[in-house]
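Report on the structure given below.
The structure presented is a predicted model; accordingly, all values stated were derived computationally and were not measured.
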Amino acid sequence: MTNLLWLQAGSCGGCTMSVLDHGARGWVRELQNFGINLLWHPSLSEESGEEAIAILDDVAAGRTPLDFLCIEGSILRGPNGTGLYNRLAGTGRTMLSWVRELAPLADHCIAVGTCAAYGGVHAAQPDPAEASGLQYEGSISGGVLGPDFRARSGLPVINVAGCAPHPGWIMETLAALQMGDFDESDLDRLGRPKFFAKTLAHHGCERNEYYEFKASAEKLSDLGCLMEHLGCKATQAVGDCNQRSWNGGGSCTHGGFSCVACTSPAFEQTEDFLKTPKVGGIPVGLPLDMPKAWFVALAALSKSATPDRVRQNATSDRVVRDPRRGGHDE
């Protein structure tokens, strides 16, 4: 069995809530299936107080081998770089201190969630807590461990980004590392595993017919594409959210809400998540999978060819023109 230690820094606990949904028999059983022992988790483990501190001390002293160090939440460096805003109860030490000591002892260091990866919500301006990710501060390499940090395996911090990340992203990353089927070439330029970061949240979205014809929703209850007016960034955000879905079905856009690009650095700096910023009537953030000039040209062409059925359904909260009936009214 290999050992996994999970620490929660500046966190809402959402990443833990997400991963608990993984597997038919639960995440802990899933870990056991892959030969991974959950050494300690502050929310899930029975050990607390002196027992928990003893576990940490044994790891720090090298008496207990550390295979996986999972950090959930941003590292709070305030005030003035001391880290005193976030101390690990009972140890008399800051989380900043613990992370810097334990990370070099781990075979693999995993940032679970965008907060641990890039700073996340806690790093939103004015950021009085001086929040940072493990190896990134926003999109800038560095963070609390530095740009040159490598775990004992030789890998940098693995950023399983998302707010919260899909439970499958977390478990599949751990499983791939456990089986030795993962190296640095499997990470994108921001340290995210490519198996979910090589696609866009837009891919597989059930609103894609509306997107192709640029038939846009005007309010959240509408069926149309949310990109043009309502701030959706699915065409710019990495993740297979709309291909694997959550909890057996569903995603942000499936639920009628815009994608906020939560797998991206600095997503929290968005001024209004439900408003698309524009210049000259053209959205500022355009799709990553095509040149901007192509998009602008195709958008004009698509709008001119939009079927009445698609145009009418786009601004309705239900299908009013059914394609199965030749587009006739219900």
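If you chain together hydrophobic residues whose side chains sit under 4.5 Å apart, Trp169 and Leu38 fall into the same group. Linking Ile, Leu, Val, Met, Phe, Trp and Tyr whenever their side-chain heavy atoms come within less than 4.5 Å leaves Ile53 and Leu5 in two separate clusters. Leu39 and Ile110 fall into different hydrophobic clusters, defined by Ile, Leu, Val, Met, Phe, Trp and Tyr side-chain heavy atoms under 4.5 Å apart, directly or through other members. Under a hydrophobic-cluster definition in which Ile, Leu, Val, Met, Phe, Trp and Tyr are linked whenever side-chain heavy atoms come within less than 4.5 Å, directly or via other members, Val59 and Leu134 are assigned to the same cluster. The hydrophobic cluster containing Phe213 does not contain Leu230, counting ILVMFWY residues as joined when their side-chain heavy atoms lie under 4.5 angstrom apart, directly or transitively.
Thr91 contributes a side-chain N or O that, together with a main-chain N or O of Arg93, makes up a donor-acceptor pair within less than 3.5 Å. Without hydrogens or angle criteria, Asp308 side chain to Gln312 main chain gives no donor-acceptor distance under 3.5 Å. Remark: side-chain polar atoms of Tyr136 are not paired, donor with acceptor, to backbone N or O of Asn159 under 3.5 angstrom. At least one donor-acceptor pair closer than 3.5 Å links the side chain of Asn313 to the backbone N or O of Val320. The backbone N or O of Ala161 lies less than 3.5 Å from no partner atom in the side chain of Thr114, so there is not a single donor-acceptor pair. With hydrogens and angles ignored, the 3.5 Å screen pairs no side-chain donor or acceptor of Asp58 with any backbone N or O of Ile55. Proximity of a side-chain donor or acceptor of Arg77 to a complementary backbone N or O of Glu130 within less than 3.5 Å is detected. Using modelled atom types, no side-chain atom of Asp240 and backbone atom of Thr199 make a donor-acceptor pair closer than 3.5 Å. Ser18 places no side-chain N or O within donor-acceptor distance of the main-chain N or O of Gly14, the cut-off being under 3.5 Å. Side chain of Gln135 to main chain of Gly142: no donor-acceptor pair is present (N/O by atom type, distance under 3.5 Å, no hydrogens or angles).
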- Item | Leu96/Thr82 under side-chain contact (heavy atoms from CB on, under 4.5 Å): CA gap, chis, key distance, verdict | CA-CA 8 Å; Leu96 175 64; Thr82 64; over 6 Å; no

- Would you check, one step at a time, whether the test side-chain contact (heavy atoms from CB on, under 4.5 Å) holds for Leu174 with Cys70? CA-CA 10 Å; Leu174 293 170; Cys70 292; 4.1 Å; yes

- Give the C-alpha distance, both sets of side-chain angles, the deciding distance and a yes or no for side-chain contact (heavy atoms from CB on, under 4.5 Å) between Lys278 and Glu228. CA-CA 9 Å; Lys278 301 177 184 179; Glu228 186 177 7; 4.1 Å; yes

- Query: Between Asp186 and Lys194, is a salt bridge (charged side-chain N to carboxylate O under 4.0 Å, His left out) present by the stated rule, with each step listed?
  - Reply: CA-CA 6 Å; Asp186 293 309; Lys194 288 180 181 176; over 6 Å; no

- side-chain contact (heavy atoms from CB on, under 4.5 Å) assessment of Leu155 paired with His108: CA-CA 7 Å; Leu155 291 175; His108 304 290; 3.9 Å; yes

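With no hydrogens or angles considered, a side-chain donor-acceptor pair links Thr270 and Lys233 at under 3.5 Å. Residues Asn242 and Thr253 bring a donor and an acceptor atom of their side chains to less than 3.5 Å of each other. For the residue pair His254 / Ser245, no side-chain donor-acceptor distance below 3.5 Å is found, with atom types taken as modelled. Side-chain contact annotation: Gln243 with His203, donor-acceptor N/O pair under 3.5 Å absent. Checking Trp6 against Glu72 by side-chain atom types alone, a donor-acceptor pair falls below 3.5 Å. A donor and an acceptor atom, one from each side chain of Asp67 and Asn3, are nowhere located under 3.5 Å apart.
Other residues, nucleotides and ligands place more than 12 heavy atoms under 6.0 Å from the CE atom of Met1. With a 6.0 Å radius and a threshold of 12 heavy atoms from other residues, nucleotides or ligands, Leu20 has its CG atom above the threshold.
Between Ser216 atom OG and Tyr210 atom OH the span is 11.5 Å, to the nearest 0.5 Å.
Taking the ring centroids of Phe196 and His166, they lie at or beyond the 6.0 Å cut-off.
A cation-pi geometry, defined here as NZ or CZ lying under 6.0 Å from the six-membered ring centre and within 45° of its normal, does not hold between Lys275 and Phe273.
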